[in-house]
Each structure stands twice: as C-alpha cells, then as structure tokens.
Amino acid sequence: MNNVEAAKGYHLMTGSNPYLLIILLIAGALVFALTPLAIAWIWSRKFSPPKPGATKNAIYECGLESKGDAWIQFKSEYYLYAIMFLIFDVEAVFLLPFAVAFGGLPVGGAIAMMVFVLLLVEGLAWAWQKGVLKWG
Amino acid sequence: MTPFSQFAIFSAIKIICVFAVTMFIVAYAVWVERKVSAAIQDRHGPNRVGPFGLLQPAADAVKAFLKEDFTPAHVRKVYYWLAPAIVMIPSLLTIAIIPFGSQLGHQKMVIADLNVGVLYTFGIVSLGVYGIVLAGYAANSKYPFLGGIRSSAQLISYEIAMGMSVIPVFLLVGGLNLSQVISYQTGSIFHWLIFKCPLSFIIFLVAMFAETNRLPFDLPESEQELAGGYNVEYSSIKFALFFMGEYAAVTAASAMLVTLFLGGWTLPIAGLDRPAATLGVGILQILIFLAKMLVVEFMVIWIRWMWPRFRYDQLMDLGWRRFIPLALANIVVTALVLCLVVK
C-alpha cells in the first residue's frame with residue numbers, strides 16, 4: 001500500500017467514518033446485554049432447573065384469581081396521540097437541518113421556515129380545539 | 001503500528017472503559033438511591049454488606065444470578081427474552097457520541113464523533129420505547145400490558161417536547177456535532193447554553209424525567225396501581241436488566257444534559273475550556289465531566305423522593321398542551337431574535 005492509499009484507509013477508519021465505530025459499538029452493546037441472559041440460562045440449566053407449579057405459573061395480579069384475557073380494550077386516545085406524534089416528530093426532523101443552516105439562510109428562507117412551523121402550529125391548534133388533546 | 005490497528009486498539013480501549021465506567025455508575029446509582037431515600041425517610045438504608053453497605057450492588061448482582069430463572073407459562077417466550085436486552089442497548093449507544101473529555105495525547109475522548117450528533121441521539125432514544133412496550137406485550141397479563149401502553153404514549157409525547165426544546169440550541173451553535181456544541185460554550189460561564197436558552201433547558205430537563213420513566217413521571221411503573229407495571233412478570237437477572245437499563249438511561253440523559261447545557265467537560269477557569277495539552281489536564285477534564293454528570297444524576301434521584309406522581313391526564317396535558325406549544329414558541333422567538341440581531 002502506498003502512502004496515499006494508507007492515508008485514505010486511515011480516513012475511512014477514523015475521521016470521516018465514525019459510523020464504523022457505531023456498528024462496532026452496537027455489536028458490543030448486544031454482547032453486553034445478551035451475556036447475562038446467556039449466563040443465567042446456562043446456570044439455570046446446570047444448577048437450578050425450573051420447578052413450575054400452578055400458583056407459580058399463574059398470572060401476577062393482586063390477591064384474587066385473574067379474570068378474563070390480557071387483551072383488554074384500551075383507550076382510543078392512545079391511538080390519536082400516536083398519529084399526532086408522527087406529524088410532530090417528522091417536523092422536528094425537518095427543523096434540525098433548518099437550525100444548522102440558519103446562519104447562512106437568506107431572510108426569505110427563514111420566513112419560509114417560519115411559515116412551515118406555523119402550518120404545524122395550526123394543526124396543533126386544530127387538534128386542541130377539537131378536544132383531541134384532552135385526556136379522558 | 002499501522003494506522004488501522006492503532007485505531008482499532010484505541011477504539012476498543014475507549015469502548016471498554018466507557019462501558020465499565022457506565023456500569024460502575026449504574027451499580028452505585030442504585031446504592032446512592034437507596035441511601036438517599038433512607039436519609040430522606042429517616043431510615044438506615046443498606047448497611048450490612050461491607051462498610052456503609054458499599055458492597056450491596058455486588059451482593060444484589062450475585063443474588064440476581066442465583067435466583068431461579070423462571071419463565072411464567074403464559075408469556076410470549078421470544079419477546080419475553082428479548083425485552084430486557086433491548087432495554088439496555090439504547091442507553092449504551094447514546095453514550096457513544098458524548099464527548100467525555102477533550103483529548104489524551106492525540107486521542108479524542110469520544111467514542112464516535114458523529115457530525116449528525118444529536119440527530120443520532122434522538123433516533124436511538126426513540127428505540128428505548130421498544131424494550132418497555134415489548135416487555136408489556138410479552139408478559140401477556142394485564143398490569144404489564146397497561147404499563148407498556150402508558151409508557152409508549154408517554155415516551156412519544158415527551159420525545160417531541162425534548163426534540164423541539166433543543167432546536168434553539170442548534171440555531172445558536174449552527175451544527176449538530178456535540179464537540180461543536182461544547183466549543184460554543186467556552187470562554188465564560190455565561191456562554192453555557194443553560195443561560196442562553198433557559199426555556200430549552202427547563203423543557204429538556206422535564207422531558208428527561210419523562211423519557212427515563214422517573215418520578216414524578218413514572219406512570220409505566222406506578223407501584224400502587226400496577227404493582228410495578230411492565231416488569232412484574234420478570235424475575236432474577238432479567239428483572240435486574242430492566243433495573244440497570246433504567247439507571248443507564250438516567251446516566252445517558254444526565255450526560256446529554258451536561259453536554260448540551262452545562263458546558264460538557266469544560267470549566268471557564270484556568271484554561272480548562274481548551275483542549276488539553278498534557279495528560280494531567282486531559283484526565284482532569286474527564287473528571288470535571290463526570291462530576292457534573294453525577295451532580296445531575298444525584299438531583300434526579302433526590303427529586304424522586306421529594307415529589308408525588310402526576311396523574312396520567314396531567315402528564316399528557318403537560319406534554320401536549322404546555323410543553324409543545326412552549327417549545328414551538330421558543331423556536332420561533334429564538335429564530336426571530338437571531339434574524340434581527342445577526343441580519
């Protein structure tokens with residue numbers, strides 16, 4: 001490998017490409033999280049085999065015997081919040097590049113972005129007025 | 001040594017050190033939490049294992065391993081096993097991009113200096129909800145299910161407030177890279193972003209409590225009504241992983257808060273806000289960062305024992321009808337002020 005290629009390789013590995021490190025780190029974090037589970041699993045295989053029983057296997061609830069299914073109905077409000085979340089999270093993603101580019105933007109660009117923000121504020125105001133944001 | 005092997009060795013050392021320090025902090029955060037709560041409630045707290053109960057975390061870890069690794073009959077097995085692992089991972093990944101010091105020799109004290117910085121953090125933080133929701137779903141019983149549902153709604157609500165609260169910070173800094181955020185905060189203590197965007201700081205702080213499921217926003221757990229919430233069907237090491245995951249998330253969030261608003265590893269005295277020239281200064285800056293982070297973490301623990309829990313409707317109300325409009329107004333006002341001042 002000549003010097004130019006070596007320098008290229010170095011930049012690929014360090015300065016210009018820290019994402020390789022992130023991949024390495026994800027692998028590290030996975031190993032870190034799965035090792036205790038694996039050790040516990042081996043330990044329980046070798047030294048403490050599970051001893052299930054009717055009461056032990058029962059669903060964890062207080063005092064009384066559990067009635068009905070775990071598939072209970074939950075409030076539709078949760079669903080509405082999820083939809084609202086989608087809109088605003090996408091907005092936040094658009095706002096970050098805007099914030100970075102702000103220093104170099106002409107006044108017109110800044111105003112256009114403000115109009116975009118106000119459009120979403122209008123969405124929030126609409127939902128508010130409709131009572132979507134009121135819990136229960 | 002070739003540049004690559006040098007790079008690989010230093011990266012591996014950095015990753016191992018950061019993991020080790022984080023896990024040490026997590027273990028002793030539990031100890032501090034128990035001691036602080038005991039002091040507040042006029043009890044002794046752990047004091048049997050070692051001096052001042054200092055070996056309690058080790059004893060707890062051994063106990064968690066030796067308990068029966070019990071899987072209830074009614075759970076969804078694969079998800080039941082996956083959830084505790086998934087809870088741990090996001091907080092470990094968030095710590096990767098936080099600069100915990102300037103440099104030692106020529107090595108920058110950050111695992112991965114991403115130029116998209118905070119965008120990556122928010123992507124990873126969003127993954128945090130999966131562990132808890134999956135645990136609630138896998139348990140296949142009512143309390144965990146309710147805990148998981150509540151948690152997902154809470155996390156996504158406050159994620160928006162959190163994401164929007166930091167935008168004024170980046171309007172000022174002009175870049176998403178966290179090293180850039182820190183170098184912006186050098187010079188004087190009043191350059192710290194807590195003084196430049198106080199409203200951002202307040203919203204971020206509150207959202208941080210909600211995102212890490214800490215009191216006053218620990219609705220997913222709420223012991224008195226859900227008996228512990230999403231993790232009640234778990235035992236032994238799997239339960240311990242949820243516990244560690246919570247404290248790892250608090251540690252990561254504290255580190256983020258320190259980096260964004262409290263100047264990171266810098267102190268505006270004695271030239272400590274410039275990249276270190278010697279090893280000693282480099283280590284001192286790492287210690288400064290750790291000290292700031294531990295102060296924030298201590299505050300998080302302290303608040304848990306001082307505040308009552310919010311009701312769920314109050315929680316959603318605060319998130320959607322107070323903080324999101326406030327954060328939006330904060331963005332608009334900051335942008336307008338910057339426009340008038342700069343242009």
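Just so we're on the same page: letters track the sequence lines, and every chain starts at 1.
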Could you tell me which portion of B/Y137 (side chain, backbone, both or neither) has an atom closer than 4.5 angstrom to a non-hydrogen atom of chain A? side chain

With chain A as the partner, which of B/M164, B/K67, B/Q314 has the greatest number of non-hydrogen pairs under 4.5 Å? B/M164

Identify which of B/I149, B/V332, B/L82 forms the greatest number of heavy-atom pairs closer than 4.5 Å to chain A. B/I149

Taking atom CD1 of B/I15 and atom CG of A/L21, what is their separation to the nearest 0.5 Å? 6.0 Å

Looking only at B/M88, B/K238, B/M244, B/E159, most heavy-atom pairs under 4.5 Å shared with chain A are made by B/E159

Report yes if some heavy atom in the side chain of A/W128 is under 4.5 Å from a heavy atom in the side chain of B/I324; otherwise report no. no

Begin from the C-alpha positions of A/E91 and B/L328 and carry the test side chain to side chain contact (heavy atoms under 4.5 Å, CB included) through to its verdict. CA-CA 11 Å; A/E91 182 191 3; B/L328 279 167; 3.7 Å; yes

To the nearest 0.5 angstrom, please state how far the CD1 atom of B/I167 sits from the CZ atom of A/F94. 12.0 Å

Exercise answer: donor-acceptor pairs, residues 29-46 of chain A side-chain atoms, under 3.5 Å, sequence neighbours excluded:
unit_1, atom_1, unit_2, atom_2, d
A/T35, OG1, A/V31, O, 2.3
A/S44, OG, A/A40, O, 3.4
A/S44, OG, A/W41, O, 2.9

Check whether any side-chain heavy atom of A/F102 lies under 4.5 Å from a side-chain heavy atom of B/F170, and answer yes or no. no

Please output the residues of residues 121-130 of chain B in contact with chain A, using a heavy-atom cutoff of under 4.5 Å, in numerical order. none

Hey, could you give me the CZ/CH2 distance between A/F88 and B/W320, rounded to the nearest 0.5 Å? 6.0 Å

Please identify, among A/L120, A/I26, A/V93, the residue contributing the most non-hydrogen atom pairs under 4.5 Å to chain B. A/I26

Across all chains, not counting sequence neighbours, the salt bridge (Lys or Arg N to Asp or Glu O under 4.0 Å) partners of B/R76 are none

Looking at B/P325, B/G174, B/G163, which has the largest count of heavy-atom pairs under 4.5 Å with chain A? B/G174

Under 4.5 Å, counting heavy-atom pairs only, tell me which of B/L315, B/L66, B/T334, B/D317 racks up the most with chain A. B/L66

Working to the nearest 0.5 Å, report the span between CD1 of A/I22 and CD1 of B/I111. 8.0 Å

If I measure from the heavy atoms of chain B, does A/M84 come under 4.5 Å with its side chain, its backbone, both, or neither? both

More than 12 heavy atoms from other groups under 6.0 Å of CZ on A/F116: yes

From the list B/I156, B/I237, B/L92, B/I160, the residue making the most non-hydrogen contacts under 4.5 Å with chain A is B/I156

Looking at CE of A/M114 and CG of B/L336, how far apart are the two atoms once the value is rounded to the nearest 0.5 Å? 6.5 Å

Working to the nearest 0.5 angstrom, can you tell me the gap between B/I331 CD1 and A/L95 CG? 5.0 Å

B/K108: salt bridge (Lys or Arg N to Asp or Glu O under 4.0 Å) partners, not counting sequence neighbours: B/D113

